[in-house]
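Reviewing the structure listed below.
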Amino acid sequence: MQDAEQLARFERAIAAEEKVEPRDWMPDKYRANLIRQISQHAHSEVVGQLPEGNWITRAPSLRRKAILLAKVQDEAGHGLYLYSATETLGVTREELQDDLLSGRAKYASIFNYPTLSWADVGAIGWLVDGAAIVNQISLCRTSYGPYARAMVRICKEESFHQRQGFEIMQTLAAGSPAQKAMAQDALDRWWWPTLMMFGPHDAESAHSQQSMQWKIKRQSNDELRQKFVDQTAEQAAHIGLVVPDPALRWNAARRHYDFGAIDWAEFQRVLGGNGPCNRARLAARRKAHADGAWVREAMLAHAAKQAARAAA
Ligand code: BYC
């Protein structure tokens, strides 16, 4: 009975666009769904440092290296805000780390693809961060307060990331024939995996209906994917690159771009752990965690000493 009243109050608050805060009553399923989505998002930010981090030592100029370093550090920061937001829901950082390192947790499929050339750093900023912004602008209005607030700051930083990637692509596309070919090759390889970032079609999306009802998600996977295609198709044309999709064309009746079919078998393969870099990504995270053990031990020892001193 009390639960029914609490649920009714919760649903009224959601309908009134009030934010849910950590100490508020919430349905168990709301809490579990948020822990799932926010922790996957946090893991994505952390694993997402790896493909670009691969190019820090080989950035073509000091300016490009400084920008890339700052960007990769931003991704680490996003991971930290998002782990903190997840912890407000009653899980510990250790549990979350464990889920990632054991391979139980998902993270964005896109980060299981390799970065083969410098243009891939441009393509990630332009396409992957571009897709992330489209999704995350919408999440700034998510119903859970700590997640919504983290998104506001993250979106500001993602906007800088998207612009730096676009500027790299624009420069390469206007460069020598070899540079333009490198930019086109990067677009060819990153385009379709980027479209998969938005998740399965709405009809196949397991969590969408409940997440939309509780305003965890504000726009559907397909709506956001369409928005991304509409803006990016025009950007590609502007810098003289060709989107690798013969079906891409403006549909005046729909006032949107039509685009071709996504290879969902490839998406499932990558989610199942068999993408080009899944094993390397997890191995890198496990090594980083093991290499950092002494830092965690030193911090715990320091905290224990301080607590003992304060108690004395
Ligand atoms: N990759 O019911 P659905 C970044 C899973 S990082 C892997 O539609 P939902 C950046 C999904 O989790 C940006 N898995 O799920 C960092 C679910 O599996 P489970 C990352 C995916 O949650 C560094 C199942 O498929 N952004 O920007 O309603 C450098 C069914 O899907 C994917 C976020 O995480 C995928 N692409 O909708 C540069 C945004 N898609 O849990 C850039 C926050 C789906 O049932 N997340 N799955 O085992 C979201 O907005 C939503 O979780 C999604 C999926 C739209 C991704």
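Numbers here are sequence positions counted from 1. One-based numbering, in listed order, for ligands and for the atoms of each. In this text, all values refer to a predicted model and were calculated from it rather than measured experimentally.
Atom 15 (O) of ligand 1 has as its closest protein heavy atom H207 CD2, 3.7 Å. At the top of the distance list for atom 39 (C) of ligand 1, counting protein heavy atoms only, stands N135 OD1, 3.2 Å. Closest to atom 10 (C) of ligand 1, if we only count protein heavy atoms, is F111 CZ, 3.4 Å. The protein heavy-atom contact nearest to atom 27 (O) of ligand 1 is A132 CB, 3.0 Å. The protein heavy-atom contact nearest to atom 32 (C) of ligand 1 is F267 CZ, 3.6 Å. Considering only non-hydrogen protein atoms, atom 1 (N) of ligand 1 sits nearest to S109 N, 2.9 Å. Closest to atom 42 (C) of ligand 1 among all protein heavy atoms lies D129 OD1, 3.5 Å. Of the protein's non-hydrogen atoms, the one nearest atom 18 (O) of ligand 1 is K106 NZ, 3.3 Å.
In this structure, a donor-acceptor pair under 3.5 Å is absent between the side chains of N278 and R281. With no hydrogens or angles considered, a side-chain donor-acceptor pair links Q226 and D230 at under 3.5 Å. When only modelled atom types and interatomic distance are considered, S117 and D185 share no side-chain donor-acceptor pair under 3.5 Å. In the model, Q210 has no side-chain atom that pairs as donor or acceptor with a side-chain atom of Y30 under 3.5 Å. There is no side-chain donor-acceptor pair under 3.5 Å between S208 and D202.
In terms of polar-atom proximity, defined here as any N/O pair under 3.5 Å, S205 does make such a contact with ligand 1. Between A206 and ligand 1, an N or O atom pair is found at a separation short of 3.5 Å. Checked by distance only, ligand 1 and Q40 come closer than 3.5 Å through their nitrogen or oxygen atoms. Residue contacts with ligand 1: K217 is placed with a nitrogen or oxygen under 3.5 Å of a nitrogen or oxygen of the ligand (distance criterion only). Distances between N or O atoms of K71 and those of ligand 1 include no value under 3.5 Å. Annotation: E75 places no N or O atom under 3.5 Å from an N or O atom of ligand 1; distance criterion only. On a distance-only criterion, R36 and ligand 1 share at least one N/O pair closer than 3.5 Å.
Close approach of ligand 1 to A108 is summarised as follows: ligand atoms under 4.0 Å from at least one heavy atom of the residue are 1 (N), 7 (C). Close contacts between ligand 1 and G48 involve ligand atoms 23 (C), 29 (C) [criterion: under 4.0 Å to a heavy atom].
Only side-chain heavy atoms of N221 come within less than 4.0 Å of ligand 1; its backbone N, CA, C and O stay farther off. Residue contacts with ligand 1, taken as heavy atom pairs separated by less than 4.0 Å, do not involve Q49 at all. Here F198 has backbone heavy atoms under 4.0 Å from ligand 1, and that is the only part of it that gets that close. Of the heavy atoms in Y107, only backbone atoms (N, CA, C, O) come closer than 4.0 Å to ligand 1. Of the heavy atoms in H78, none comes closer than 4.0 Å to ligand 1. Contact annotation for L224 and ligand 1: no heavy atom of the residue comes within less than 4.0 Å of the ligand.
Ligand 1 lies nowhere less than 4.0 angstrom from a heavy atom belonging to S211. Within the 4.0 Å heavy-atom cutoff, L139 counts among the residues contacting ligand 1. Assignment of E204 to the shell around ligand 1 is not supported, since no heavy atom sits closer than 4.0 Å.
F160 and M151 sit in two unconnected hydrophobic clusters of ILVMFWY residues. Membership requires side-chain heavy atoms under 4.5 Å apart, directly or through other members.
Side chain of Q40 to backbone of A108: no donor-acceptor contact under 3.5 angstrom is found. Side-chain N or O atoms of Q179 include one that pairs as donor or acceptor with a backbone N or O of S176 at under 3.5 Å.
Distance check: F166 CZ to Q235 CD gives 5.5 Å after rounding to the nearest 0.5 Å.
Protein heavy atoms are absent from the space less than 4.0 angstrom from atom 24 (C) of ligand 1.
The environment of K227 atom NZ is sparse: at most 12 non-hydrogen atoms of other residues, nucleotides or ligands sit within 6.0 angstrom.
Aromatic pair H41/Y107: centroids not less than 6.0 angstrom apart.
Using a 4.0 Å cut-off between a side-chain N of Lys or Arg and a carboxylate O of Asp or Glu, R163 and E167 do not qualify as a salt bridge.
Taking the six-membered ring where tryptophan is involved, the planes of W55 and W118 are perpendicular, since the angle between them exceeds 60° and thus also 30°. Classified by interplanar angle (parallel below 30°, tilted 30° to 60°, perpendicular above 60°), the ring pair F267/W264 is perpendicular.
Among the candidates T86, L139, L82, the single residue satisfying the side chain to side chain contact (heavy atoms under 4.5 Å, CB included) test with Q37 is L139.
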